[in-house]
Amino acid sequence: MTETILPPADAEDRRAIKPVICYPNITLPTPPLALYQAAREGAKKVDEVLIPARDARCFEVPAGHFFRITSVEGPQVGDLNLWNLNDLSERFFSGKTRALHGTHITTGERMWSSLPSLRPMATIVTDTLGWYGIDAYGGSVHDVIGTRCDPYTGNLLSGDQYHYCCHSNLTRALAAHQGISLEEAEPHVHDVLNVFMCTGFTRDTGQYFMKASPVRPGDYLEAFAEIDLLGALSACPGGDCSAEHSSDAAACHPLLVEVFAPTEGALDGWESPAINGYDRSHGRAR
């Protein structure tokens, strides 16, 4: 028999305690956005990759270059993974990015790398959906709260074997780009930046929700590569995620990734960020 637990007499007082921000970010290094924007004005496109609907592709961005993700045909969200091009063990850390900046990121905020490096991988310099803000449902765009649609959760919930979810798309793309097996590639696939996706948590049950993305053809998210990057982007099989994901029924569209190189001297004085300064002794005498 399940015991009924009644709220204590001071329940409302406990709920009324004001929250405290876990990681006040006013001491974070401030990105030199004016420098980046000036360098971007004269930058020339040096590469592009078209991401097919319901599939993924990899792309490379040298440190000091810019990359832009654009909706080109119809409303479409994308799942983005980033790695250090020269060391796949250093990868995007969505959880710490969320802790430092919030549930969704936009212009002036950064994508941080995994421990022990914990440094900026990329800085967002332009977001054409920055106007959206937070809507009445608590939804916003470009989230770092979702994971990625994957075949394991699909199998758990419905028993199916759907292969074109973002986790599998990213796994295939990384394996093909690196010339490794799917088994070798899969452990490197990680929680994503959900580009263009509009999400939040319900107020009553606290469940993760999605709603139709406000993205339209021509909208883009552009970032500055702080280190040499390997990226992988999946055009989610949920399309604009207005109804479902991991589905062949949703209308899906390609996404375009473009890479831009600044002119020589445009970034004079800039240096790629060093890895985190913690000594890694973890309290043990050396």
Side-chain angles (χ1 to χ4, degrees), residues 49-59 69-83 88 91-95 97-98 103-105 111 114 139-178 180-202 207-215 221 230-257:
V49 177
L50 187 67
I51 316 300
R54 292 190 177 84
D55 211 339
R57 294 290 186 273
C58 286
F59 58 94
I69 300 171
T70 304
S71 170
V72 289
E73 289 184 8
Q76 176 67 43
V77 309
D79 285 42
L80 177 66
N81 267 188
L82 291 179
W83 299 267
L88 294 185
R91 62 194 194 184
F92 173 50
F93 191 175
S94 67
T97 299
R98 178 174 66 247
T103 56
H104 301 75
I105 59 175
M111 299 178 68
S114 54
S140 192
V141 185
H142 313 309
D143 86 64
V144 282
I145 51 178
T147 52
R148 57 202 177 275
C149 53
D150 70 88
Y152 303 99
T153 304
N155 183 267
L156 176 68
L157 296 177
S158 61
D160 64 14
Q161 297 287 332
Y162 188 73
H163 306 300
Y164 292 91
C165 50
C166 290
H167 176 87
S168 296
N169 293 349
L170 294 167
T171 299
R172 291 194 310 274
L174 182 62
H177 186 274
Q178 298 294 98
I180 58 179
S181 69
L182 292 173
E183 291 75 17
E184 292 173 294
E186 187 173 16
H188 293 292
V189 174
H190 51 279
D191 285 351
V192 298
L193 171 62
N194 280 307
V195 180
F196 305 139
M197 194 169 180
C198 190
T199 60
F201 292 108
T202 59
Q207 289 176 285
Y208 180 55
F209 72 75
M210 62 186 187
K211 56 182 291 190
S213 172
V215 69
L221 185 72
L230 171 61
L233 181 66
S234 172
C236 182
D240 69 355
C241 288
S242 57
E244 58 182 340
H245 56 66
S246 299
S247 163
D248 285 330
C252 293
H253 307 278
L255 294 168
L256 179 66
V257 177

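Atom set for the values below is all heavy atoms of this structure, side chains included, hydrogens, waters and symmetry mates excluded. As the structure is a computational prediction, the values presented were derived from the model and not from experiment.
Using a 30° and 60° split on the angle between ring planes, F196 and H142 fall in the tilted class, from 30° to 60°.
Put simply, the side chain of I69 does not reach to within 4.5 Å of the side chain of I51, judged on heavy atoms. Using a 4.5 Å heavy-atom cutoff, the side chains of L80 and L233 are in contact. Taking the side chain as every heavy atom from C-beta outward, F201 and I145 approach each other to under 4.5 Å. Between C58 and L230, some side-chain heavy-atom pair lies under the 4.5 Å cut-off. Between R54 and D248, the closest side-chain pair of non-hydrogen atoms falls below 4.5 Å. Taking 4.5 Å as the limit, every side-chain heavy atom of N81 sits out of range of all side-chain heavy atoms of F92. Contact of the D55 side chain with the R172 side chain is registered, since non-hydrogen atoms from C-beta on lie closer than 4.5 Å. Looking at heavy atoms from C-beta onward, L170 lies in side-chain contact with V192 at the 4.5 angstrom threshold.
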Exercise. Where do T103 and V144 land on the side chain to side chain contact (heavy atoms under 4.5 Å, CB included) test, with the steps shown first?
Worked result: CA-CA 6 Å; T103 56; V144 282; 5.6 Å; no
Problem set entry | Derivation of the side chain to side chain contact (heavy atoms under 4.5 Å, CB included) call for Q178 and L88 | CA-CA 10 Å; Q178 298 294 98; L88 294 185; 3.8 Å; yes
Problem set entry | Residues T147, D191; criterion side chain to side chain contact (heavy atoms under 4.5 Å, CB included); working and verdict | CA-CA 5 Å; T147 52; D191 285 351; 3.5 Å; yes
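Counting non-hydrogen atoms of other residues, nucleotides and ligands closer than 6.0 Å to OH of Y164 gives a total of 12 or fewer.
In this structure, the separation between CE on M111 and OG on S94 is 8.5 Å, given to the nearest 0.5 Å. One finds the CZ atom of R91 at 8.0 Å from the NE2 atom of H188 (value rounded to the nearest 0.5 Å). A distance of 3.0 Å separates OG1 of T199 from NE2 of H104, quoted to the nearest 0.5 Å. Atom CG of D150 and atom SG of C166 lie 10.0 Å apart (nearest 0.5 Å). Considering NE2 of H190 and CG of L82, their distance stands at 6.0 Å, rounded to 0.5 Å. Put simply, CZ on F209 and SG on C241 are 12.5 Å apart, with the number rounded to the nearest 0.5 Å.
The heavy-atom pair separating A250 from G239 by the smallest distance is CB-N, 4.3 Å. T171 and A185 get closest at one heavy-atom pair: O-CB, 3.8 Å. The minimum heavy-atom distance between C198 and P214, with the atom names listed, is CB-CD, 4.1 Å. For S181 against A175, the heavy-atom pair with the smallest separation is O-CB, 3.9 Å. Of all the heavy atoms in N155 and D160, the pair that sits closest is ND2-O, 3.1 Å.
Applying the salt bridge (charged side-chain N to carboxylate O under 4.0 Å, His left out) rule to pairs touching residues 230-243 yields nothing, sequence neighbours excluded.
Side-chain contact of H167 with S234: a donor-acceptor pair under 3.5 Å is absent, judged by distance alone.
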Please table the atom pairs, donor to acceptor, closer than 3.5 Å between any side-chain atom in residues 71-78 and protein atoms at least two apart or in another chain.
unit_1	atom_1	unit_2	atom_2	d
S71	OG	G74	O	2.9
Q76	OE1	H253	N	2.8
Q76	NE2	C236	O	2.8

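Of the possible donor and acceptor atoms, one in the side chain of T202 sits under 3.5 Å from a partner among the backbone N and O of Q207.
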